[in-house]
Amino acid sequence: MSTAPADAGPDDIHDLDDLHTRVLDWYADHARDLPWRAADRTPWGVLVSEVMLQQTPVARVLPQWLAWMERWPTPSDLADAAPGDAVRAWDRLGYPRRALRRHAAAGAVRAEHGGEVPEDHARLLALPGVGTYTAAAVASFAFGQRHAVVDTNVRRVHARAVTGAAEPAAALTAAEQRLAVALLPEDAPTAARWAVAVMELGALVCTARSPRCDDCPLLDRCAWVLAGRPAHDGPARRGQAWAGTDRQVRGKLLSVLRGSADPVTADELAACWADDRQRARCLDGLVADGLVEPLPDGRFSLPRT
DNA sequence: GACACGTGGTA
DNA sequence: TTACCAAGTGT
């Protein structure tokens with residue numbers, strides 16, 4: 001069990017089978033009934049869910065995903081909309097650049113892939129807003145391929161159950177990636193189920209704050225538990241500053257834009273933040289990011305093209 | 001590799 | 001209440 005799976009011998013293969021069986025059985029009994037996992041889901045729906053879920057809790061994504069899928073059921077439907085419509089519909093999910101990239105990705109899917117979400121990992125990766133994780137997740141969840149899907153939940157489960165650490169490193173390491181690959185079941189359908197199952201275990205049981213070890217199928221073989229649940233020894237995570245930051249100002253500016261059907265004046269924007277210098281800098285940043293469009297008459301709107 | 005990037009729920 | 005945390009990506 002302490003042997004690295006990369007050095008797998010006969011005993012470790014049995015060990016790996018045991019790991020797979022426990023997690024897959026647990027998932028069969030405890031998986032949440034999420035709409036992007038439903039039998040009638042589309043690859044587009046999976047892609048939309050993955051982007052929405054980036055750094056954003058499931059509970060907040062759920063209603064937004066349903067609304068988006070009803071409004072823009074295919075990539076081409078979204079590509080036909082103005083980017084500003086996507087930003088407005090993104091509402092308060094946070095990180096609105098994701099909405100812009102989602103819209104750009106819809107255009108790329110139509111222009112380069114005949115309107116169908118590509119199955120190939122490299123082509124997925126080339127879409128705006130799709131990084132290593134999301135490309136692997138879509139290839140695995142939507143198309144049943146065999147990929148190491150490594151998100152924060154998976155990293156935490158691996159760190160505890162296999163490596164014996166309370167928390168994974170600050171950033172994804174090559175060793176973690178290799179471990180994730182080494183743990184993958186051989187056949188694609190099982191690997192795809194494994195990927196979503198480990199993630200679900202991390203989301204529901206092996207949580208960051210207060211893990212529910214009593215409910216964990218791996219309790220009696222968890223390396224971290226067996227080691228006496230040692231505390232995290234690495235550096236504490238840096239909290240994200242918020243009050244007074246550009247991020248907060250950007251959020252306020254965009255909130256004004258989202259809330260208005262018509263373009264807004266500079267005065268209306270000024271009302272949301274007193275510091276002229278900072279407000280101007282943030283507005284420039286939003287324009288540079290393509291989230292805000294300055295109009296010839298001096299007003300501002302969400303991007304129209 | 002570090003940093004910027006939104007928002008709101010929870011302990 | 002303050003701080004942490006949530007299915008990351010792009011620069």
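By convention in this document, chain letters (A, B, ...) are assigned in the order of the sequence lines, proteins followed by strands, and residues within each chain are numbered from 1.
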Base, sugar-phosphate, or nothing: which does A/Arg258 touch, judged by heavy atoms less than 4.0 Å apart? sugar-phosphate
Need one value for A/Arg101: base, sugar-phosphate or nothing, where a base atom within 4.0 Å counts as base even if backbone is also close, heavy atoms only. sugar-phosphate
When rounded to whole Å, the CG to C1' distance for the pair A/Asp289 and B/dG6 reads 13 Å
Ion pair check, A/Asp220 and A/Arg22, cut-off under 4.0 Å: yes
Assign A/Arg32 to base, sugar-phosphate, or nothing according to its heavy-atom contacts below 4.0 angstrom with the strands shown. base
Touch check for A/Ala208, heavy atoms < 4.0 angstrom, all strands: base, sugar-phosphate only, or nothing? sugar-phosphate
Could you check how far CD of A/Gln54 sits from C1' of B/dG8, rounded to whole Å? 18 Å
Residue pair A/Leu172/A/Arg98 against DNA chain B: nearer the 5' end by closest nucleotide is A/Leu172
Whole-Å distance, A/Leu254 CG to B/dC5 C1', equals 12 Å
So, are A/Arg299 and A/Asp262 salt-bridged, with charged N and O less than 4.0 Å apart? no
How close or far is atom P of B/dG8 from atom CG of A/Leu53, stated in whole angstroms? 17 Å
Looking at every non-hydrogen atom in both residues, tell me the closest pair between A/Leu124 and A/Pro118 and how far apart they are. CD2-O, 3.2 Å
5' priority, DNA chain B, between A/Lys252 and A/Ser210 [closest heavy atom]: A/Lys252
Under a 4.0 Å heavy-atom criterion, DNA chain C is touched by chain A from C/dC4 to C/dG10
Can we say A/Asp275 and A/Arg277 salt-bridge, meaning some charged N sits less than 4.0 Å from an Asp/Glu carboxylate O? no
Less than 4.0 angstrom from a charged side-chain N to a carboxylate O is my criterion; do A/Arg37 and A/Glu200 meet it? yes
Taking only Lys NZ, Arg NE, NH1 and NH2, and the carboxylate oxygens of Asp or Glu, determine whether A/Arg146 and A/Asp187 approach each other closer than 4.0 Å. no
Quick check for you: among B/dG9, B/dT7, B/dG6, whose closest atom lies nearest to any side-chain atom of A/Gln55? B/dG6
Tell me if the aromatic rings of A/Trp90 and A/Trp68 count as close, with their centers under 6.0 Å from one another. yes
What nucleic acid atoms does A/Leu34 come within less than 4.0 Å of, heavy atoms only: base, sugar-phosphate, or nothing? base
When all nucleic acid strands are considered with a 4.0 Å heavy-atom cut-off, which category describes A/Gly94: base, sugar-phosphate, or nothing? base
Answer yes or no: does a side-chain N or O of A/Arg92 lie under 4.0 Å from OP1 or OP2 of B/dG8? yes
If you round to the nearest 0.5 Å, how far is CG of A/Leu93 from CD of A/Gln64? 4.5 Å
Tell me what A/Trp36 touches on the nucleic acid: a base, only sugar-phosphate, or nothing, going by heavy atoms under 4.0 Å. base
Within the structure shown, what part of the strands sits under 4.0 Å from A/Thr245 by heavy-atom distance: base, sugar-phosphate, or nothing? nothing
Sugar-phosphate, base or nothing in reach of A/Leu93, heavy atoms under 4.0 Å: base
At under 4.0 Å between heavy atoms, what does A/Ser49 touch on the DNA or RNA strands: base, sugar-phosphate, or nothing? nothing
Can you tell me, in whole Å, how much space there is between the P of B/dG8 and that of C/dT9? 23 Å
Pick the P atom in C/dA7 and in B/dC5, then give their distance to the nearest Å. 23 Å
Phosphate oxygens OP1/OP2 of B/dG6: is one of them under 4.0 Å from a side-chain N or O of A/Arg250? yes
Scan A/Val154 against the nucleic acid and name what it touches under 4.0 Å (heavy atoms): base, sugar-phosphate only, or nothing. nothing
